Amino acid sequence: LAPQMADVEETLKRISSHKGVLGALIVNAQGIPIRSTLSDEETFAHAALITQLVDKARRMVLDLDKDDELTFLRIRSNKHEILVAPDKEYLLICVQAAGSQVDS
């Protein structure tokens, strides 16, 4: 069953409320943003680029071990950290300041 939209909104609100989180977005398998707390420009840039990177990472994991799959992707730069939780149909992406900690 697909999550209810209220649950999606609540999840984004909860993630975005963490200290250091700059924004969160949900993207479908084609890289189209479904919901986002980022600006439109940031949303479309992150959605397009991260979707491509996740596709490459998924293929790499399968090429290394055909019985494995990508479950999480973390990208860290000097300024930001991008956390990606991929699902079969969606990506949950969180952008935070590099010095922040995200509680599990």
Side-chain angles (χ1 to χ4, degrees):
L1 290 173
Q4 297 297 321
M5 202 47 71
D7 293 339
V8 171
E9 296 293 342
E10 181 58 36
T11 299
L12 281 179
K13 188 186 297 183
R14 183 173 46 81
I15 290 169
S16 297
S17 71
H18 284 275
K19 184 178 182 227
V21 172
L22 304 174
L25 61 152
I26 297 174
V27 178
N28 72 11
Q30 292 75 41
I32 299 168
I34 305 297
R35 288 284 187 269
S36 177
T37 62
L38 296 169
S39 72
D40 286 350
E41 184 179 344
E42 291 175 309
T43 295
F44 288 110
H46 281 81
L49 296 170
I50 292 170
T51 299
Q52 291 174 30
L53 184 60
V54 168
D55 288 343
K56 289 182 189 299
R58 278 185 167 136
R59 285 194 302 272
M60 181 209 67
V61 169
L62 282 173
D63 286 350
L64 293 172
D65 182 345
K66 67 177 179 60
D67 296 322
D68 206 356
E69 67 180 303
L70 181 69
T71 58
F72 197 79
L73 183 62
R74 184 178 212 150
I75 305 147
R76 188 176 176 104
S77 69
N78 289 329
K79 292 182 178 181
H80 300 105
E81 187 167 32
I82 301 171
L83 310 170
V84 185
D87 192 57
K88 296 221 183 304
E89 297 180 34
Y90 301 97
L91 300 178
L92 173 60
I93 303 166
C94 176
V95 181
Q96 64 181 20
S100 303
Q101 297 291 327
V102 172
D103 297 326
S104 312

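Everything numeric here is computed off the predicted structure, so don't read it as measured data.
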Approximate separation, where rounding is to 0.5 Å, of [X] [atom1] and [Y] [atom2]:
X: C94; Y: H80; atom1: SG; atom2: NE2; answer: 11.5 Å
X: N28; Y: Q30; atom1: CG; atom2: CD; answer: 4.5 Å
X: I26; Y: T11; atom1: CD1; atom2: OG1; answer: 7.0 Å
X: E9; Y: R14; atom1: CD; atom2: CZ; answer: 13.0 Å
X: T71; Y: R58; atom1: OG1; atom2: CZ; answer: 10.5 Å

Discussion item. Running the 4.5 Å side-chain criterion over Ile, Leu, Val, Met, Phe, Trp and Tyr, what cluster does L38 land in, apart from itself?
Written reply: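 When side chains under 4.5 Å apart are linked, the cluster holding L38 also contains L22, L25, V27, I50, L53, V54, M60, V61, L64, L70, L73, I75, I82, V84, L91, I93, V95.
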
Fill in: Test item: E69 and K88 side chains (from C-beta on) under 4.5 Å apart, heavy atoms
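The answer is yes, as the side chains (C-beta and beyond) meet within the 4.5 Å cut-off.
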
Worksheet item: Do I15 and L92 have side-chain heavy atoms sitting under 4.5 Å apart?
Response: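 They are in contact (side-chain heavy atoms under 4.5 Å apart), so the answer is yes.
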
Worksheet item: Could you go step by step and tell me if R76 and Q96 meet the side chain to side chain contact (heavy atoms under 4.5 Å, CB included) rule?
Response: CA-CA 10 Å; R76 188 176 176 104; Q96 64 181 20; 5.9 Å; no

Worksheet item: Between A47 and G31, what is the shortest heavy-atom contact and its length?
Response: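 Closest approach of A47 to G31: CB-O, 3.5 Å.
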
Item to complete: Would you name the heavy atoms of S36 and T43 that are closest together and state the gap between them?
Response: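 Answer, listing the atom of S36 first, then T43: OG-OG1, 2.6 Å.
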
Discussion item. Under the rule for side-chain hydrogen bond (donor to acceptor under 3.5 Å, both in side chains), what residues qualify as partners of D55, not counting sequence neighbours?
Written reply: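 Here no residue qualifies.
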
